[in-house]
Amino acid sequence: MAFVVTENCIKCKYTDCVAVCPADAFYEGPNFLAISPIDCIDCGLCVPECPAEAIYQEDELPDSQKEFTELNAELALVWPRITEVKPAPADADTWNGVADKLKLIET
């Protein structure tokens, strides 16, 4: 099982999780992060580091977030790997907790 970044990361894109990932499994898009299921070693270190609480183990995903399993896998194949913390977008805190953000993802 891998961990999956879910909807609440969209437009928040905090990168605290990247700093603790021993497998360098994160990939960065314009306004979202994805975890590669190929690279993820299922350690769980990223979960408590996410201020948006947007990371779940694949088998613990809420039903409303199941589509993010495939989305993470697809995006990790085309986006560049991120291995260092970057500043969050200036309006990240405003977007944290906003529902129905999937339509806002930039690929």
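This structure is a prediction, so every number in the text was calculated from the model and none was measured.
- Considering all non-hydrogen atoms of both residues, Ala76 and Ala34 come closest at N-CB, 4.3 Å.
- Checking side-chain atoms of Thr83 against main-chain N and O of Asp24 turns up no donor-acceptor pair under 3.5 Å.
- Heavy-atom contacts from other residues, nucleotides or ligands closer than 6.0 Å to CD of Glu74 number more than 12.
- Counted within 6.0 Å of CD on Glu106, heavy atoms from surrounding residues, nucleotides or ligands total more than 12; the atom is thus considered enclosed.
- Connection of Val85 to Ile82 is not established within any shared hydrophobic cluster, with ILVMFWY side chains joined at heavy-atom distances below 4.5 Å, either directly or through further cluster members.
- By the criterion of side-chain heavy atoms lying less than 4.5 angstrom apart, applied directly or through intervening Ile, Leu, Val, Met, Phe, Trp or Tyr residues, Val78 is not grouped with Ile38; the two fall into different hydrophobic clusters.
- Between Cys17 and Ile55, the shortest heavy-atom contact is CB-CD1, 3.8 Å.
- Of the charged side-chain nitrogens involved, at least one lies within less than 4.0 Å of a carboxylate oxygen, so that Lys13 and Glu28 count as a salt-bridged pair.
- Counting heavy atoms of neighbouring residues, nucleotides and ligands inside a 6.0 Å radius, atom CD of Gln57 exceeds 12 of them.
- The two residues Cys12 and Pro89 make their nearest non-hydrogen contact at O-CD, 2.9 Å.
- A donor-acceptor pair under 3.5 Å is absent between the side-chain atoms of Asp16 and the main chain of Cys50, judged by distance alone.
- Taking the six-membered ring where the residue is Trp, Phe32 and Phe68 present tilted rings, their angle falling between 30° and 60°.
- Proximity of a side-chain donor or acceptor of Asn72 to a complementary backbone N or O of Val4 within less than 3.5 Å is not detected.
- Contact annotation: the side chain of Ile105 approaches that of Leu75 to within less than 4.5 Å [non-hydrogen atoms, C-beta and beyond].
- Minimum heavy-atom separation, Ala2 to Pro37: CB-CA, 3.7 Å.
- Formation of a donor-acceptor pair under 3.5 Å by the Thr6 side chain with backbone atoms of Ala54 is found in this model.
- Of the possible donor and acceptor atoms, one in the side chain of Lys101 sits under 3.5 Å from a partner among the backbone N and O of Trp95.
- The two residues Val20 and Glu49 come nearest to each other via the heavy atoms CG2-CG, 3.7 Å.
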Test side chain to side chain contact (heavy atoms under 4.5 Å, CB included) applied to Leu71 and Leu102, step by step: CA-CA 11 Å; Leu71 187 60; Leu102 182 56; 4.0 Å; yes
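- Across all their heavy atoms, Cys43 and Phe3 have their closest contact at N-CE1, 4.2 Å.
- Gln65 places a side-chain N or O within 3.5 Å of a backbone atom of Glu7 that can act as its donor or acceptor partner.
- Side-chain N/O atoms of Asp39 and Tyr27 include a donor and acceptor closer than 3.5 Å.
- Annotation: side chain of Leu45 is not in contact with side chain of Cys21 (no heavy-atom distance under 4.5 Å).
- Side-chain contact between Pro30 and Trp79 is present, with heavy atoms from C-beta onward closer than 4.5 Å.
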Candidate pair Cys9 and Tyr14, rule side chain to side chain contact (heavy atoms under 4.5 Å, CB included), full reasoning: CA-CA 7 Å; Cys9 181; Tyr14 302 106; over 6 Å; no
